[in-house]
Amino acid sequence: DAFQDDALRNLIRTALQQNYDVRIAAARIVEARALLGIARADQLPEVSAGVSAINQRLPQSPGRPPIETSATQVSLSAAWELDFWGKFRRATESARASLLSEEWAQRQVISSLVSDVAAAYFQLREQDLELEISRQTLASRTDSLRLTQVLADRGATSLLDVRQAEQLVFSAGASIADLEQRIEQQENFISVLVGRNPESVVRGRGLVDQPHPLEVPAGLPSSLLERRPDILQAEQQLVAANAQIGVAKAAYFPNISLTGTGGYQSSALSRLFAGPAGLWAFGASALQPVFEGGRIRNRVQFAEARTEEATLVYQRTDQQAVRDVSDALVAFRKSQEVRIQQQQLTTAAEDATRLSNLRYRGGAASYLEVLDSETRSFAAQLALAQARLRELQSLVQIYRSLGGGWQQ
């Protein structure tokens, strides 16, 4: 909704489907979800079933004939480590927070991707506008050169004026070649952003026709920052690190396990499930660490340090987010002022060029004045195109800094 150009919207939709960074982020979410499943499974009993059949023959020995034995066993066993101290619960909490962190990381990738595609598209349209200005300028200067050559042939002006007119033509021609190169490279960049091989990019609205459908309201509430994906990602990383402290501290306490096995064993399949063939075993065990050489203590200290690090990262991310929004709002406000002033400058420069041409044709000024006016007007038109681009890019920056727009 922040961008009303249909061509840009199509590029964004394609990028969200095909961009490799988004797909990598999605794969990381699948990985984190699998790790959460593994952590949850540690809280449950492990149950396994087994079947074995053994046929054995012992060779004949002095005083003993050969012996053949056959045994078949069917068993069911279970083991369960009781989570008295919350080790597995805290590990699950950490894995869940890591999953949420990866999901917010994907949102951050998406928000950045949308911003990058929009900024690159606006850059491309600005280069298109510069190319259009350069081609119009080249055509105008070519006509001026033709007129100057006619005047020189008739003796109404000097060869110096012709050479100066040629300089204007050649400088405009050089600008066109440079812009065509930059445009093609920008198209390649956008193609890679949307997950395609380098190719031409379909255009939509021109740079001067880009609407501002969303006016940035004054006094944006700080609560909008709470939805920034990088802040929410840092928050979940802090939760995950804090949960790891509980996992590390649980190692101080004994591991209590319950085990049990039941089944049947018989030398003949026909008697396998008979009463005398039954077997079972149940037990419990507790294992208390006595001497670990400081391993557990250092693991706890490591987890606490990681939590402190995650806390500082969260605080830094929050502070940086406030700065990003402030910078973007300042850039948007000032870029508008610059664009307005540049429009006025361009209008004045174009009028000065018109007057200098009239003065030159009337014999009241030299071609040097025309040369200077043409150069200033061309530079002013290009600067206006760049000012329009900076205004649009400041909107994109606000979109990015607020985590995807400013709608509450």
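Counting from 1, the numbers follow the sequence of the chain as shown.
Partners of Glu308 according to the side-chain contact (heavy atoms from CB on, under 4.5 Å) rule, which considers only residues two or more places apart in sequence or in another chain, are Leu312. For Asp5, the side chain to side chain donor-acceptor pair (under 3.5 Å) criterion is met by Tyr121, Gln210, not counting sequence neighbours. With sequence neighbours left out, Phe282 forms a ring pair (Phe, Tyr, Trp, His ring centres under 6.0 Å) with Trp280. Applying the salt bridge (Lys or Arg N to Asp or Glu O under 4.0 Å) rule to Arg163 yields the partners Glu166; only residues at least two apart in sequence or on another chain are considered. Residues satisfying the side chain to side chain donor-acceptor pair (under 3.5 Å) criterion with Arg354, sequence neighbours excluded, are Asp351. For Asn10, the side chain to side chain donor-acceptor pair (under 3.5 Å) partners two or more places apart in sequence, or in a different chain, are Arg13. With sequence neighbours excluded, the residues satisfying side-chain contact (heavy atoms from CB on, under 4.5 Å) with Thr375 are Leu168, Leu371. With sequence neighbours excluded, the residues forming a side chain to side chain donor-acceptor pair (under 3.5 Å) with Ser94 are Gln244, listed by chain and number.
Between the side chain of Ser144 and the main chain of Ser140, no donor-acceptor pair closer than 3.5 Å is present. With hydrogens and angles ignored, the 3.5 Å screen pairs no side-chain donor or acceptor of Ser112 with any backbone N or O of Val109. When atom types are taken as modelled, the side chain of Asp178 and the backbone of Ala174 share no donor-acceptor pair closer than 3.5 angstrom. Thr307 contributes a side-chain N or O that, together with a main-chain N or O of Ala241, makes up a donor-acceptor pair within less than 3.5 Å. Formation of a donor-acceptor pair under 3.5 Å by the Ser326 side chain with backbone atoms of Val322 is not found in this model.
Checked for salt-bridge contact, Arg135 and Glu132 miss the test: no charged N lies under 4.0 Å from a carboxylate O. With respect to Glu391 and Arg388, no salt bridge is recorded, no charged nitrogen being found less than 4.0 Å from a carboxylate O. Salt-bridge formation is detected for the pair Arg33/Glu103: a Lys NZ or Arg NE/NH1/NH2 atom is positioned less than 4.0 Å from an Asp or Glu carboxylate oxygen.
Shortest non-hydrogen contact noted between Leu138 and Gly173 is CD1-N, 4.2 Å. Of all non-hydrogen atoms in Leu145 and Val162, the two that sit nearest each other are CD1-O, 3.7 Å. Looking at every heavy atom in both residues, Ala321 comes nearest to Ile231 through CB-CD1, 3.6 Å. For Ala39 against Thr92, the heavy-atom pair with the smallest separation is O-OG1, 3.3 Å. In terms of heavy-atom proximity, Gly195 sits nearest to Gln18 at O-OE1, 3.6 Å. Residues Glu130 and Leu179 approach most closely at OE1-CD2, 3.4 Å, considering heavy atoms.
Among residues at least two apart or in separate chains, side chain to side chain donor-acceptor pair (under 3.5 Å) pairs with a member in residues 187-208 are Asp128-Arg203, Glu187-Arg203, Arg196-Glu199. Every pair passing side chain to side chain donor-acceptor pair (under 3.5 Å) that includes a residue from residues 229-240 is listed here, sequence neighbours excluded: Arg228-Asp230. Screening residues 237-260 for ring pair (Phe, Tyr, Trp, His ring centres under 6.0 Å) gives Trp85-Phe253 as the qualifying pairs, with residues at least two apart or on separate chains. Evaluation of the salt bridge (charged side-chain N to carboxylate O under 4.0 Å, His left out) test over residues 367-384, restricted to residues two or more places apart or in two chains, returns Arg141-Glu374, Arg359-Glu369, Asp372-Arg376.
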Report the C-alpha distance between Arg96 and Glu93 in whole Å, list the side-chain angles of each, state the deciding distance to 0.1 Å, and finish with yes or no for salt bridge (charged side-chain N to carboxylate O under 4.0 Å, His left out).
CA-CA 5 Å; Arg96 184 182 298 109; Glu93 179 185 349; over 6 Å; no
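In this model, a donor atom of one side chain and an acceptor atom of the other lie less than 3.5 Å apart for Gln320 and Asp324.
Rounded to the nearest 0.5 Å, atoms OG1 (Thr14) and CG (Asn19) are 11.0 Å apart. The distance from the OG atom of Ser373 to the CG atom of Asn357 is 8.0 Å, given to the nearest 0.5 Å.
No side-chain heavy atom of Glu126 sits less than 4.5 Å from a side-chain heavy atom of Phe122.
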